[in-house]
Amino acid sequence: MIPVQPDRFLADLHALRQFGASGIGKGVIRPAYSDADIEARKWLAGRMAEAGLKPRFDPVGNLFGLAGDRSLLMGSHSDSQPEGGWLDGALGVICGLEVARAAKEAGGPPVSVVSFQDEEGRWGVTTGSTVWRGKLSLEDADRLTDHGGLSFGDARARMADLAGDWVSPEMFTGFMEAHIEQGPWLEQSGETIGVVNAIVGIRDMRITFTGQQNHAGTTPMHLRRDAFQGLAAFNAKIAERFKGLVTDATVWTIGHVALTPSASSIVPGKAVFSMQWRDGDAARLDRMERIIRDTAAEVADERGLGLSFGEMLGLDPVDMDARLQDALAEAAEEVAPGKWRRMPSGALHDATNLSHLMPVSMMFVPSIGGISHDFTEDTDEADLVAGLNVLARAAAKL
């Protein structure tokens, strides 16, 4: 048994919340490479050093607290959505820190901890762990831009004074990630722990319709090449086209729209929007992509619009490692007898990338109201501590 200290764990979790605190509930505003994110990472590095770990920043700002040449890796991410919750990602990092610290104090087993950079996808999808995995080169990552036009290369230059060499994945025997569920199922069933058996896949790209900017008062409706109306038509058509292909678990979202020139009295000449879709079947994700591209082309042709697609980003669905998953399941039964379940993750996590480098597993605790990516995101502290104890017991078993 690894003798974790719940009070110390909760104190660190609340301390991390102060970096980028929104002033609304427990919410945080800590996007990747923001001042709050960089200060939080510096604070985390200090806590890792105090715990007897060796802190290391890599070239993209991923922060590792290393316990030795061969260790179990735990963690998640500490960046947030533009309007984020205090636990998304942060819980996994602080759980990992506490287990690593307690293991160090007890003389083993060796546990390292990591906070990956830009998991929330300001520049794409799980950017930090995608580059570390080797799926995305640093050169290609540097050319990515956020919705404001800032490049990843310019953003990571803000941490150049902290950056060191890459940390080899061969240092780690496996990866465990604790996380809030970000959904309603555990709370609704009165359960305390979710042992994740698989993570869905995701696809994400930007689509641009280009029409003709014109006067909103003098341009007849039948002569307009309105880029936003193209977006509206695409959104209506895509739901119909997906019928017969998607399942109840399939989701898709247009979550970001930028109109040019975005003025009340001007017909929009350009609409740039994000298109994201998720499913547990990689072949279905690919078929959805074909439908998306074909539908966008059809709308553009019907309305006399130009069409372009941004870079396709995404990750395929992955199964969790059976051995690590079983260790979590045994620990869950010890901590919360009969109040746990095996379940898939509908949200994407860094564990997806790490599954290509080492055995991985994940554990969920309930989200109050099923709410996440919002300032009101929260979890009962008793459930947070239960999750910590499950993680510590599973690590000891391994």
Side-chain angles (χ1 to χ4, degrees), residues 1-4 9 44 48-49 51-58 62-77 89 91-117 119 126 128-135 164-179 193 195-199 315 318-332 334-335 342 345 349-364 387-398:
M1 182 64 185
I2 298 175
V4 291
F9 155 71
L44 281 167
M48 291 173 181
L53 305 171
K54 182 179 179 181
R56 282 265 301 275
F57 287 96
D58 72 11
N62 298 324
L63 169 61
F64 292 83
L66 301 174
D69 292 336
R70 291 288 286 173
S71 60
L72 178 67
L73 182 64
M74 293 184 176
S76 189
H77 63 97
L91 173 63
V93 174
I94 301 302
C95 271
L97 173 62
E98 178 56 30
V99 174
R101 178 168 46 200
K104 194 82 172 177
E105 292 168 348
V111 177
S112 295
V113 60
V114 63
S115 173
F116 286 108
Q117 181 58 290
E119 190 272 355
T126 61
S129 60
T130 299
V131 175
W132 188 62
R133 165 190 165 185
K135 183 182 180 185
D165 295 331
W166 296 105
V167 173
S168 172
E170 295 181 0
M171 295 182 65
F172 309 114
T173 58
F175 177 64
M176 281 188 166
E177 182 170 3
H179 212 279
I193 300 293
V195 176
V196 177
N197 50 26
I199 301 175
L315 297 167
V318 298
D319 293 327
M320 299 293 95
D321 177 78
R323 176 170 167 266
L324 271 64
Q325 187 184 151
D326 286 346
L328 285 169
E330 291 173 15
E334 293 167 3
V335 173
R342 295 184 194 260
S345 171
H349 302 282
D350 290 308
T352 296
N353 280 314
L354 272 67
S355 70
H356 297 270
L357 303 172
M358 63 190 76
V360 302
S361 59
M362 285 197 72
M363 178 212 69
F364 285 162
L388 171 69
N389 287 326
V390 168
L391 204 66
R393 286 173 177 264
K397 293 176 187 296
L398 295 167

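In what follows, every heavy atom counts, from backbone to side chain, and hydrogens, waters and symmetry copies are set aside. Computed from a prediction, not measured in an experiment: that's the story for all the values here.
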Interatomic distance, M358 atom CE to T173 atom OG1 [nearest 0.5 angstrom]: 8.5 Å

Got a donor-acceptor contact below 3.5 angstrom from the R101 side chain to the G52 backbone? no

Applying side-chain contact (heavy atoms from CB on, under 4.5 Å) to F116 and L354, what does each step give before you reach the verdict? CA-CA 11 Å; F116 286 108; L354 272 67; 3.6 Å; yes

Might you point out which heavy atoms bring F9 and E98 nearest each other, and give the distance in Å? CB-CG, 3.9 Å

Please name the pair of heavy atoms, one in A331 and one in R393, separated by the smallest distance, quoted to 0.1 Å. CB-CB, 3.7 Å

So which atom in S76 and which in E177 form the shortest heavy-atom distance, rounded to 0.1 Å? OG-OE2, 2.7 Å

So does R133 pair up with D350, basic N to acidic O under 4.0 Å? no

Which is it for T126 and T352 under the side-chain contact (heavy atoms from CB on, under 4.5 Å) test, yes or no, and what are the steps along the way? CA-CA 9 Å; T126 61; T352 296; over 6 Å; no

Heavy-atom check, side chain of L324 versus side chain of V360, under 4.5 Å: no

Could you report the tightest heavy-atom contact between W166 and R56, atom names first, then the distance? O-NH2, 3.4 Å

Is D58 reaching over with its side chain to a backbone N or O of V167, donor-acceptor style, under 3.5 angstrom? no

Closest non-hydrogen atom pair between L66 and M171, with its separation: CD1-CE, 3.9 Å

Just wondering, do F64 and L53 contact through their side chains at under 4.5 Å, heavy atoms? no

Indicate yes or no: at least one non-hydrogen side-chain atom of C95 is less than 4.5 angstrom from one of M74. no

On a heavy-atom basis, the closest approach of M363 and V196 is N-CG2, 4.4 Å

Measuring from F364:CZ to H349:NE2, what's the distance to the nearest 0.5 Å? 4.0 Å

Under a 4.5 Å cut-off applied to non-hydrogen side-chain atoms, are R342 and M320 in contact? no

Between V99 and L388, is the side-chain contact (heavy atoms from CB on, under 4.5 Å) condition met? List the steps. CA-CA 8 Å; V99 174; L388 171 69; 3.9 Å; yes

Taking atom OG of S115 and atom CG of N62, what is their separation to the nearest 0.5 Å? 8.0 Å

If you count heavy atoms of other groups shown closer than 6.0 angstrom to NZ of K54, is the number above 12? no

From CG (L328) to CZ (R323), nearest 0.5 Å: 11.5 Å

Using a 4.5 Å cut-off on heavy atoms from C-beta on, say whether the side chain of S355 contacts that of F175. no

Side chain to side chain, S361 and V195, heavy atoms closer than 4.5 Å: no

Go through the steps for L398 and M176 under the test side-chain contact (heavy atoms from CB on, under 4.5 Å), then give the verdict. CA-CA 11 Å; L398 295 167; M176 281 188 166; 3.2 Å; yes

What distance do Q325 atom CD and D319 atom CG have between them, rounded to the nearest 0.5 Å? 8.5 Å

Got V113 and I94 here, is their nearest side-chain heavy-atom distance under 4.5 Å? no

How about V114 and F172: do any of their side-chain heavy atoms sit closer than 4.5 Å? no

